[in-house]
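Here is the structure we will look at, set down as structure tokens.
In this text the structure is predicted, and so the values were computed from the model without any measurement. Starting from 1, each residue takes its place in the sequence as its number. First listed ligand is number 1; within each ligand, the first listed atom is number 1.
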Amino acid sequence: MQLYIGIDDTDSKKRLCTTYLAAVLGERLAAFSSVQETRLVRLNPNIPWKTRGNGAVCLKIETRDLPRAKSETLKAVEDFSDLDEEGTNPGVVFYRGVEPERFESFYYRALREVVTTADAEELAEKNGCEIHRWKNGRGVIGALAAIGADLGEHTFEFIAYRRPEYWGKVRRIDSDSVRAMDRATRPMTFNNVDPETSQILVAPSSPCPVLYGIRGKTPESVEQASKMIGAGEPIERTALFKTNQGTDAHLVSCSIVDAKPESSVIVCGHVSAAPKTLAGGHVIFSISEDGDSIDCAAYEPTGGFRKVVKKLREGDVVKVYGGVRKTRNLTVNLEKLEVVLLQKYIEEKNPICHGCGRSMESAGRGQGYRCKRCRTTAGSKEFIQVTRELKQGLYTVPPRAMRHLSKPVG
Ligand code: ATP
């Protein structure tokens, strides 16, 4: 019998990780069932109450002992949830059917909008799912969305976990081994190292049970890459997840007027207010289209990406990619920037002397220009097209500032 098990909202910033729970549960279920797929599904990255990366999990199993599969799941949630933390509200959904696509449109809503627990429960109940909730049960949203996730486009993440006695202690990972792995396996793996800072990105900084996670395009590429990592502590267990990370699944093309807070958009427009650098190093500009405008921000953590943004000038046509936030104005928090068309700029300059190559001086009002040295003259200023330092194309924030869902460029 086929069973989909969706789980979410079990961890806190201080302890545990829903993927760890899935890894342990997968092993327990494998003792009497066939675990066909373990998914890590990232949902709306703009949700204010997420713990970290708004991830939910789903295990797809074939089992001959349905009651035991369910009780093992509920026991694992009891064992590996940080229920004492205020913001931890676990939810589990069991779906026994063979049409998880019934929940696909809900997945897309949970990926791109803000949905309610009541929405999730109503849909789950209508389709014969069994729901379990702890505290306010908000995890039911992610649990159902993970069952319905459309992973037509997908990547993989191979995660190595620490033994409990190491949780919260400094991770000892040989950085050079990660850099060598990155050189050997990129682009089949991605976001291992930040090219701007050489910072290692495979290890989280939180006290969770993850030692490292390697993201890549195939199961083989991430498993092979993992063998190249030098770890200074024992690995308790590993797990392979099929995921929507690195696919841009959260982004929706729309016009400026339809960009809503907490959604993630791709909008096109012309630069209507040139980039300004604010205190703290954040760079802000505005784009407009059909009389509507929206602010776009490249925040300080986006590092060298801001240098590209600063080269924009009024009139340039761009596509901006990112999450929409309502602060004072609606603002797109930039994940990517596509420079579609560069505005031509003409600058007036004093003429150049053909003799010595220097700039001529004014010869007096209405008298034209002259070169004092060579005694050459010219009647009027020259109009020169400004060479733009920026090129058309797609630019992305550095991997250290990237969202889990963002597709790496290249
Ligand atoms: P981690 O990545 O460590 O698992 P997290 O960042 O996934 O943590 P959660 O603890 O899972 O954070 O909390 C996110 C909560 O938000 C969950 O309860 C989930 O069901 C809910 N949620 C997810 N997507 C949406 C959405 N689109 N609208 C409303 N709630 C959502």
Per the side-chain contact (heavy atoms from CB on, under 4.5 Å) rule, which among [options] passes with [X]?
X: Arg162; options: Tyr212, Trp167, Tyr20; value: Trp167
X: Leu334; options: Tyr395, Phe305, Tyr321; value: Phe305
X: Ile294; options: Thr331, Leu330, Val265; value: Leu330
X: Asn191; options: Ser406, Pro399, Pro398; value: Pro399

Examine [X] against ligand 1 and note whether any of their N/O atoms are separated by less than 3.5 Å.
X: Val140; value: no
X: Gly55; value: yes
X: Lys50; value: no
X: Asn89; value: no
X: Asn44; value: no
X: Val115; value: yes

Please say whether the positively charged group of Arg96, taken as NZ for Lys or CZ for Arg, lies over the ring of Tyr4, i.e. under 6.0 angstrom from the six-membered ring centre and within 45 degrees of the axis.
->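 Judged by the rule, Arg96 and Tyr4 form no cation-pi pair.
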
May I ask you to identify the nearest protein heavy atom to atom 21 (C) of ligand 1, giving residue, atom name and distance to one decimal place in Å?
->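 Among all protein heavy atoms, the one nearest atom 21 (C) of ligand 1 is Trp49 NE1, 3.8 Å.
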
Report the nearest protein non-hydrogen atom to atom 12 (O) of ligand 1: residue, atom name, distance rounded to 0.1 Å.
->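 Closest protein heavy atom to atom 12 (O) of ligand 1: Thr51 N, 2.8 Å.
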
Relative to ligand 1, is Asp9 under 4.0 angstrom through side chain, backbone, both or neither, heavy atoms considered?
->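 Both parts.
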
Using a 4.0 Å heavy-atom cut-off, say whether Arg42 meets ligand 1 through its side chain, its backbone, both or neither.
->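 It is the side chain that gets close, since no backbone atom is under 4.0 Å.
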
Taking the minimum heavy-atom distance to [atom], which of [options] ranks first?
atom: atom 19 (C) of ligand 1; options: Asp8, Ile7, Ile141; result: Asp8
atom: atom 4 (O) of ligand 1; options: Val114, Asp11, Thr117, Thr116; result: Asp11
atom: atom 14 (C) of ligand 1; options: Val210, Leu111, Asn54; result: Asn54

